[in-house]
Protein chains: 2
Amino acid sequence: MERILLLLGLLRQHATHGYELTAFVEGAMSACVDLKKPTAYFLLDKMAASGWVMVQETREGNRPPRKTYSLTTSGEAEFQRLLRINLAAFSLPKLSNDIGIAFVDAIDKAEALALLQTRREHLLTQMNQTQHAPQHAGSLQLLIEHQQYVLNSELAWLDTVILRMSQVAT
Amino acid sequence: MERILLLLGLLRQHATHGYELTAFVEGAMSACVDLKKPTAYFLLDKMAASGWVMVQETREGNRPPRKTYSLTTSGEAEFQRLLRINLAAFSLPKLSNDIGIAFVDAIDKAEALALLQTRREHLLTQMNQTQHAPQHAGSLQLLIEHQQYVLNSELAWLDTVILRMSQVAT
DNA sequence: GTGACAATAGTCAATATTGATTAATCAGCA
DNA sequence: TGCTGATTAATCAATATTGACTATTGTCAC
């Protein structure tokens, strides 16, 4: 559902073709959303079938022919509907990727601490990358700020875990 | 990959059947992991095919017959391997579910603020639920603590967004 | 002893997702 | 002109995921 909201929102800013859309999402937005090219095309098809977007074969300059997608009136309505649902509902991202911390005690304490240090460095690297990321227009920028905020608080949490682990008796 | 780590980790604590596994994951752990019953069975099959778990038809008491899964030696090895990878790598949960904030400015400010207030209440409800959740054993408890920590920082962030929005001129 | 209801255990058809690959066009150069 | 590699644009086969459903066993009132 969120992916459709994203696509509708982007097409709302300006009609465009699949390639530009997916390049933007997999490029500039790759840090905050997970939406691969084939999924995007799959969803665009669905959206077309639902009448939310219009497809048009176009040929700009000497580029290969493209399918250009543009929002219809009912697409705008659906966007407004989904946006309200999305803003009003809070749902925690499922932390399945952090699942390892549930099993740290399966590893010798010294090695576990070393692994967590590596983790910490990865986190710092990501913080750096995000800080040097290109600025986005309007409230898209909020996404980036949120991400930086989350990275900061993840770092703080990781540090308390590391601290606790190194203090507790083996 | 993380889901397999989770299943291996749980089976490592004690061998059990699909029903108990999925009931636990979809019940007590539902707040922090997203793994539905059919996916769990699908993965258990794969794990059996890879030789990481052994399947055994059992019949305890008068209950319907079950397939009991237990970790093999190579399953334990795989668990250790995946655990190290998971602990050492940090990856941000993709915030696709927060995507709406990227489009707040498509909505009239007053309504947007009202929606965000609703969002805030949902968040508070979740915090309450998590605080009254049953305690987990060992480092599984860390997952819960992490979740509470994340909820707290999400609340703080949401409040800054609301504050900023209500101050900025329309 | 049997019919209704709950609990237990799992499956399946439909849908979503992705890594790998294909297809069309262009720019430059021999 | 014809060939090579780069860019643009999209698709496909394989895999993962899930909502809805099925099937088995127990239990308890009647």
Side-chain angles (χ1 to χ4, degrees), chain A residues 1-8 10-11 14-30 33-50 52-53 55-70 82 91 93-94 96-97 99, chain B residues 1-8 10-11 14-30 33-50 52-53 55-70 82 91 93-94 96-97 99:
Chain A
M1 209 89 278
E2 292 81 17
R3 287 136 124 105
I4 292 201
L5 175 58
L6 173 63
L7 291 176
L8 289 173
L10 291 178
L11 285 176
H14 71 279
T16 185
H17 50 99
Y19 185 73
E20 191 186 312
L21 259 185
T22 57
F24 180 68
V25 172
E26 283 193 302
M29 302 194 69
S30 68
V33 294
D34 192 15
L35 173 58
K36 305 292 163 54
K37 219 180 314 182
T39 310
Y41 280 106
F42 173 77
L43 292 176
L44 285 170
D45 275 357
K46 263 198 22 173
M47 287 155 66
S50 304
W52 300 331
V53 296
V55 195
Q56 225 183 335
E57 294 266 344
T58 57
R59 186 82 191 279
E60 269 174 59
N62 288 334
R63 307 280 80 236
R66 306 153 162 176
K67 286 182 196 159
T68 294
Y69 300 88
S70 57
L82 291 178
S91 89
K94 302 292 181 151
S96 328
N97 37 356
I99 204 69
Chain B
M1 207 88 283
E2 291 80 17
R3 288 136 123 105
I4 293 201
L5 176 58
L6 172 63
L7 290 176
L8 289 173
L10 291 177
L11 285 176
H14 70 279
T16 185
H17 51 100
Y19 185 73
E20 191 185 314
L21 260 184
T22 58
F24 181 68
V25 171
E26 283 192 302
M29 301 194 70
S30 69
V33 294
D34 192 17
L35 173 58
K36 306 291 164 55
K37 219 181 317 181
T39 311
Y41 280 106
F42 173 77
L43 292 177
L44 284 170
D45 275 357
K46 264 197 23 173
M47 287 155 65
S50 302
W52 299 331
V53 295
V55 196
Q56 226 182 333
E57 293 268 344
T58 57
R59 186 82 191 281
E60 268 174 57
N62 288 336
R63 305 278 82 236
R66 305 154 163 176
K67 285 183 196 158
T68 294
Y69 300 87
S70 57
L82 291 178
S91 89
K94 302 293 180 153
S96 326
N97 37 357
I99 203 69

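Just so it is clear, the structure is predicted and the values come from calculations on it, not from any experiment.
For B:Met1 and C:dG19, the CE to P distance is 13 Å, given to the nearest whole Å. For A:Lys94 and D:dT18, the NZ to P distance is 10 Å, given to the nearest whole Å. Atom CG of A:Leu21 and atom P of D:dT8 are 15 Å apart (whole Å). In this structure, CG of B:Leu44 is placed 11 Å from C1' of C:dG10, rounded to the nearest angstrom. Taking atom CD on B:Glu2 and atom P on D:dA16, their separation rounds to 13 Å, with Å as the unit. Regarding A:Tyr41, its OH atom lies at a distance of 13 Å from the C1' atom of C:dT22, rounded to whole Å. Whole-Å rounding puts the B:Lys36 NZ to C:dT15 P distance at 17 Å. Rounding to whole angstrom units, CZ of residue A:Phe42 and C1' of D:dA13 are separated by 15 Å.
Checked by atom type, the side-chain pair B:His14/B:Glu20 shows a donor-acceptor distance below 3.5 Å.
An OP1 or OP2 oxygen of D:dT17 is reached within less than 4.0 angstrom by a side-chain nitrogen or oxygen of B:Arg3. Phosphate contact (OP1/OP2 of D:dT8, side-chain N/O of A:His17, threshold under 4.0 Å): absent. When the side-chain nitrogen and oxygen atoms of A:Lys67 are compared with OP1 and OP2 of C:dA24, none of them lie within a distance under 4.0 Å. Between D:dT18 and B:Thr39, a contact under 4.0 Å exists linking OP1 or OP2 to a side-chain N or O. Side-chain nitrogen and oxygen atoms of A:Lys37 include none within less than 4.0 Å of the OP1 or OP2 phosphate oxygen of C:dT17.
Contact between A:Ala40 and A:Leu35 at its shortest, heavy atoms only, is N-CD1, 3.9 Å. A pairwise comparison of heavy atoms in B:Leu7 and B:Leu21 identifies CD2-CD1, 4.2 Å as the closest pair. The two residues B:Asn97 and B:Lys94 have their closest heavy-atom pair at OD1-O, 4.1 Å.
Picking from C:dA20, C:dC12, C:dT8 the nucleotide with the shortest atom distance to the side chain of B:Pro38 gives C:dC12.
Note that CH2 of B:Trp52 is 6.5 Å distant from NZ of B:Lys46, once rounded to the nearest 0.5 Å.
Residue A:Asp45 is classed as having no contact, given no heavy-atom separation below 4.0 Å to the nucleic acid.
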